[in-house]
Amino acid sequence: MKDDKSTSGVDPIVRMDKVNKHFGSLHVLKDIEMTVSPGEVVVIIGASGSGKSTLIRCINGLEEFQQGYLEVDGSQLVPHGKASAALQKIRTEVGMVFQQFNLFPHLSVLDNVTLAPMKVRGWSRDDATETAERLLERVGISDQAAKHPGQLSGGQQQRVALARALAMEPRLMLFDEPTSALDPEMIGEVLDAMRELAREGMTMIIVTHEMGFAREVADRVIFIHKGEITEEGPPEKVFDSPQNERTQSFLSRVLKH
Ligand SMILES: Nc1ncnc2c1ncn2[C@@H]1O[C@H](COP(=O)(O)OP(=O)(O)OP(=O)(O)O)[C@@H](O)[C@H]1O
């Protein structure tokens, strides 16, 4: 096991040691070693197809991996793991926001947010509604609670998705390119909500192409190239003086505009 001093005595929320993942003959994740401490905001960057989404999807068991050690908040996901008690626990403790919102189209905004706490956590409707209303207020869309997702803008839908994930009181939030499907004028409102969450101390792992945002919110930036972590460090270091030539050429491409 990797000895990671960033945990400084506190148990990490995520511990990955030599995790390998294949899609058939494609070796998508190669010996991934990553430790995330409570309260840390880690941003994962890299070219399209480098394995960023696959990496975070392994963390909540949406993708299985073939080799290595993966532990989330004390529960271990095993290679080739299918349904297990650990997986169930991890799914309830880890919130995820996807590129495509993935809201239930036939439910109101409020019902989208109350559903999982009632079904999974066994909360009463009153308790779930109270929490949902507070969260919708917090992401600035309390006036949309009775609408259906299709009646909202992309930015509003993504904020509902964030409220829905937070309603489960997650220990860790994963974001998979949460602004990539949004019109440019709506990106800011979603990033603002994420910024706020980071300020409040939520542990977050974020895959994004928003480099300005990454620099601003990340405690640590991880660069992935063809399934390997080739560089990581504080944002100032990775963005201003990248050591690896792959990072240098990626950043010079994406920061050109
Ligand atoms: N379900 C799947 N079956 C087969 N190959 C897959 C599957 N999902 C992803 N891949 C492949 O795995 C590689 C990594 O994909 P992944 O989506 O993790 O990359 P990414 O870095 O998130 O890319 P992007 O920035 O474009 O979203 C790619 O080559 C992709 O085509």
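Just follow the structure's listing: the first ligand is 1, and inside any ligand the first atom is 1.
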Subject >> Within 6.0 angstrom of Lys226 NZ, more than 12 heavy atoms from elsewhere >> reply: no
Subject >> Min heavy-atom dist Ala47 to ligand 1 below 4.0 Å >> reply: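 So Ala47 counts as touching ligand 1.
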**OP:** May I ask whether Gly46 places a heavy atom under 4.0 Å from ligand 1?
**Re:**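 False for this residue.
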Nearest non-hydrogen protein atom, [atom]:
atom	result
atom 1 (N) of ligand 1	Phe23 CE2, 3.5 Å
atom 17 (O) of ligand 1	Ser53 CB, 3.7 Å
atom 15 (O) of ligand 1	Thr54 OG1, 3.8 Å
atom 28 (C) of ligand 1	Gly49 O, 3.8 Å
atom 30 (C) of ligand 1	Leu26 CD2, 4.6 Å
atom 19 (O) of ligand 1	Gly51 N, 3.3 Å
atom 26 (O) of ligand 1	Ser48 OG, 2.6 Å

Subject >> Cation-pi, Phe101 ring and Arg164 (6.0 angstrom, 45 degrees) >> reply: no
Original post:
Say you draw a straight line from CD of Glu137 to CZ of Arg134; how long is it, rounded to the nearest 0.5 Å?
Top reply: 10.5 Å
Subject >> Option of least heavy-atom distance to atom 24 (P) of ligand 1 (set: His209, His225, Glu177) >> reply: Glu177
**OP:** Out of Lys226, His22, Lys52, indicate the one that has the non-hydrogen atom closest to atom 25 (O) of ligand 1.
**Re:** Lys52
Original post:
Would you say Val28 has any N or O atom under 3.5 Å from an N or O of ligand 1, going by distance alone?
Top reply: no
